[in-house]
Every structure is written in C-alpha cells, then in structure tokens.
**Q** 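Shown below is the structure under consideration.
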There are 2 protein chains.
Amino acid sequence: MPLATVNLRSVCTQCNLKELCLPLGLDNHDLEKLDGLIAARRKIKRQQHLYRAGEPFEAIYAIRTGFFKTDILTEDGRDQVTGFQMAGEILGMDGISTDRHVCNAVALEDSDVCMIPYDKLEELSRRIEPLQRQFHKFLSREIVREQGIMMLLGSMRAEERLAAFLLNLSQRMRARGYSALEFNLRMTREEIGSYLGLKLETVSRAFSKFQDEGLITVHQKHIQILDSEGLRRLIGRAPI
Amino acid sequence: MPLATVNLRSVCTQCNLKELCLPLGLDNHDLEKLDGLIAARRKIKRQQHLYRAGEPFEAIYAIRTGFFKTDILTEDGRDQVTGFQMAGEILGMDGISTDRHVCNAVALEDSDVCMIPYDKLEELSRRIEPLQRQFHKFLSREIVREQGIMMLLGSMRAEERLAAFLLNLSQRMRARGYSALEFNLRMTREEIGSYLGLKLETVSRAFSKFQDEGLITVHQKHIQILDSEGLRRLIGRAPI
DNA sequence: CGAACGCTTGACATTTGTCAAACGGCGTGG
DNA sequence: CCACGCCGTTTGACAAATGTCAAGCGTTCG
C-alpha cells in the first residue's frame, strides 16, 4: 500500500478543527509543541483503506476532512461496521491494545487526515499534562460511545435504532457547523444496517415509514429531518 | 452511601493478581512507586453498588476478589448490562470522559476492590513510562472488548451469542486459574439476557438446547462445558 | 415451612429476515 | 449526447427467529 503522505507541516495552531480534535483546550504554548508532533498529512481516496485489521499499529489519525467507516470482518464471513467518523474525530485507538489494528478504516469519501505517531504522542503527553488529560478523555469517550451502541443494539427495535442513528448524525453535523436538518448520507443502506444490526431491507423500510409519518424526507442519500422531536419521542418510549 | 474503605496499604508488590492487573509488566522499582498510589481497599457486599451513574468520577477500581456487573439505566426504562468483571479486571474507565460515572457497577457477590485515585494515576503515569503504556493498553482493551460485543449483538443469533458468552467466560476463568470447564454463573438469566440483547426465556431455551445437544450441562447456575469445540463450531458458522 | 424468586417450558404474537422483482440514478462507452 | 448496464434502493410476500404471556416447578432463604 503506497503511503500517500503529504509532507506538509500540519499546523494544529491554525487548524479550524482544533476545538473538536485532540488539541481541544490546549493553550498556545502547548499547541506549538503539538505542531512538532504531527508528522504528516495523508490523503485517502473514496473506498481506500486508511489502515487494515492486522497491520502494525503506529499512529492514530485525526480526520481533517472527509468521512470514514470502521469495520471488522471475521474469517467466517461476518461483517460488522463499528463506527462512522467525520472531521474532527479520531481514528485508530483500538490498535493500542495489541500494537496491531483490530478493525479496518475505509474512506467513504475523499478524505484528508493528520497522522499522529503514537510513540511521540505518548512521549509528549508525559510532558504536557493537558494533552495527557485530553487524550485520556478521547479514549474514554470512545468507550462511552461504544456503550451507547451496545444499548442501541441490545435494547432497541429497528425503528428506534434508525431514529437514534439519525439524531446522532444530526447532532454531530451541527457540532461541525453543517446543517443538522439536511444532509447527505455517505454510507449505503447496507452499511447502516451492519452498524445497526439490521438488514438493508429493514433499514429501507424504516426510512420509508419515517417518511410516511412526516418525520423526514428521503431521496436516496439525501435526508431532511422534518420533526426531530418526533424522532426523539420514538426512542423515548421503551417497550414496557 | 457509606464508604466502606479499609485503610490497608494495598501492596501491589505482593498481590497475586499483579500479572493480570494494571501493574502487569512493571519492574520491582516501579511497583513500589505504585504501592504508594493505591489509596485504599474497599469491600462491597453482594447487590451493593461500587458506584452509580452520575456520581463524580474520582477513581478507577481493580477487582481483587469478587464479581461485578456494569449496567446503564435510561429514564425511559431501558436497562442494558454492559459487562461482567472478575478478579484482576479494571472498572470505571468510562468515567474519565465526563468526570462522572456513566454506568452503575454492582457486585454480584461479596467483593473486594483496590481504589486507584485517578488524578494520582495520571500523575504517576507521567513519571513511569511502563505504567503509562499499560494504562493506555487497558483503555484500548476496553474499546476492543466492546467492539467484540457490538459484533456479537449486531451479527449473531441467540445461540451463537450464548455460546460466545460461555466461551469468553470460560477463557477468563482459566486465565485466573479457575476451572474453565465447570463453574457457577454469578448472574441471573435476565442479566445474561440483557447483556446479550435477549429475553431471559430465550437464554433459558438456548441453555436447554445446548444441554440436549450434549454441549454442556446446566443446573441452575452451575455450568459444565462438555464440548467446547462444539460451542466454537456453533459460532464459526456465520449465516450465508 | 412457606413465600419469594429464579428458572423452565408451552402456545402464540410480533418483529425481522429472506427471497424475489422492479425501479431509478449514475457513470461509461459507443 | 444518448443508451445501456450496474449498483443501490424500494417494495411485496412469505419464512424464521425471537418476544410475550402464562403456568408450573425447584431452590433458597427467612
């Protein structure tokens, strides 16, 4: 796999994502130290892998632009999408555990990431306390995010899962300054289904039902949320 | 809630769990520094909470003896067990993200934990590189563990889930020196069901089916694994 | 000894998956 | 530029898996 790295100095100091990304909360002095850390930027074309399960783990990645999915494929043919990641989010933290990547990371659109060499990050976070704290929070946030998915997969029915998925996406879009009520999905129905533990037909039917009920409009990948309160209500009513 | 702390110096240096727990891989010199960190031991009776969702996060806990479950309860009445933890395992890392515990930790039998104040752990892990590395691996391992559950909840059917659950439990028992093929469950069918995204009746039926097929014997909480290879085969055959 | 709790089992309901057909948008090549 | 073909999506009919409700049993613990 050719390393499509770009040898730009990646300037956290000037990055417009610094309020979402790892540098969150660092002061200017610390930010300058961080600038030395980021080795390279890397461009990933749609459908290309950022990394693959089994590859040696060397770096985590901060997404500057673009959209990714992470998934796990087992020998027996199971395929589970474990997450979708957008700009400002961090990828690859599962690799720390075994020094090898556990899942695959695939770009769902042409993307641009900051490569953060892990040994340097550990070294720097020993010297910069706020960075250490921030990094730990990111790791923990990933644990909490996955607990949310466990909740979703373990105790919600199909339509509740899809509603929760849409609301989560919407909220993350807003956090990044995009429209929270109108956006294009970057993933297929099958990928959504894999993420939500459903078949693509079930996802499609749920989309149609939401549309019939006036909660959203769907045209292929284009989604418009008409009644986000209605979607929330859908989740809020647990069965018994 | 009364803090049932015991003011023993907790001696990692002499703990027989140090090969499983956070000190894993530390040399004697570093272990001694760690001894100063562990503030207190704490005894938790069966059915009592070690911590509750929403409480301020101050420490993580290493289990010395006993057995816990972690779960999340939502306002709308959903209840999801997010994990079962046994001796040598670490509890509470989800709290780092928001400085509050996200889930509840409940003892399923009388238990004994080491309380590790989080601010001291961060401070110490800035000074002891192997401790930092180890702590990061523990955080990452939790991420990977949860990905395994996502896989289970998202792509396995009831019997596969239960087989995976039994094999995982068995493997962890072995790692701790207990019999891997014969043990007592500490949790109810309902708790297993919540963890696996199933109803307790489905869990019970699957247990009965495994027994009919000669894979295990079940008497209430007592489990004997007769054919672990058979259980593995059950998982290995993905649908399609 | 009795009550409460957890477990098992049966009959039936509901949800979701499976298979199949058809539609539509998009990109490619003529 | 248009036509064709591919891929992703939608929808329907039916099948399978799991949930629901209910009854009864065994253990355990007060």
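Computed from a prediction, not measured in an experiment: that's the story for all the values here. Numbered from 1 within each chain, the chains take letters A, B, ... in sequence-line order.
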**Q** Base, sugar-phosphate, or nothing: which does B/Gly197 touch, judged by heavy atoms less than 4.0 Å apart?
**A** sugar-phosphate
**Q** Nearest-Å distance, NZ (A/Lys209) to C1' (C/dT14)?
**A** 13 Å
**Q** Whole-Å distance between C/dC7 P and B/His222 NE2?
**A** 15 Å
**Q** Closest approach to the side chain of A/Lys221, judged atom by atom: which nucleotide of D/dG8, C/dA11, C/dT16 is it?
**A** D/dG8
**Q** Looking at every strand, decide which applies to A/Leu200 at a 4.0 Å heavy-atom threshold: base, sugar-phosphate, or nothing.
**A** base
**Q** Quick one: do the A/Ser228 and A/Arg232 side chains pair a donor with an acceptor below 3.5 Å?
**A** yes
**Q** Reckon A/Thr202 has a side-chain N or O less than 4.0 Å from the OP1 or OP2 of C/dG17?
**A** yes
**Q** Of the candidate nucleotides D/dT11, C/dT8, C/dT16, which contains the atom at the shortest distance from the side chain of A/Ser208?
**A** D/dT11
**Q** Given D/dG8, C/dT8, C/dG17, which nucleotide is nearest the side-chain atoms of B/Arg189?
**A** C/dT8
**Q** For a quick check, tell me whether the side chain of A/Arg161 and the base of C/dT15 share a donor-acceptor pair closer than 3.5 Å.
**A** no
**Q** Just how far, in rounded Å, is P of C/dT16 from CD of A/Glu159?
**A** 7 Å
**Q** Assuming nearest nucleotide by heavy-atom distance, tell me which of B/Gln47 and A/Gln220 is located more 5' along DNA chain C.
**A** B/Gln47
**Q** For the residue pair A/His101 and A/Tyr51, categorise the inter-ring angle as parallel (less than 30°), tilted (30 to 60°) or perpendicular (more than 60°).
**A** parallel
**Q** When you check the phosphate oxygens OP1 and OP2 of D/dT20, does a side-chain N or O of B/Lys199 lie under 4.0 Å from one of them?
**A** yes
**Q** Would a line drawn from the ring center of B/Phe183 to the ring center of B/Tyr178 be shorter than 6.0 Å?
**A** no
**Q** Taking atom P of D/dT28 as reference, at what distance in whole Å does atom CD of B/Glu109 sit?
**A** 16 Å
**Q** Begin with the C-alpha distance, continue with both residues' side-chain angles, and end with the deciding distance and a verdict on side-chain contact (heavy atoms from CB on, under 4.5 Å) for B/Arg172 and B/Glu89.
**A** CA-CA 10 Å; B/Arg172 285 155 70 202; B/Glu89 297 177 332; 2.9 Å; yes
**Q** Send over the distance from A/Leu198 CG to D/dT9 P, rounded to a whole Å.
**A** 15 Å
**Q** Any donor-acceptor pair under 3.5 Å joining the side chain of B/Glu201 to the base of C/dC7?
**A** no
**Q** I'd like to know whether B/Met156 forms a side-chain contact (heavy atoms from CB on, under 4.5 Å) with B/Leu196, so could you lay out the CA-CA distance, the side-chain angles of the two residues, the decisive distance to 0.1 Å, and finally the verdict.
**A** CA-CA 10 Å; B/Met156 292 188 188; B/Leu196 299 179; over 6 Å; no
**Q** Does B/Arg205 make a side-chain donor-acceptor contact with the base of C/dG10, cut-off 3.5 Å?
**A** yes
**Q** Rounded to whole angstroms, how far apart are NE2 on B/His219 and P on D/dT28?
**A** 12 Å
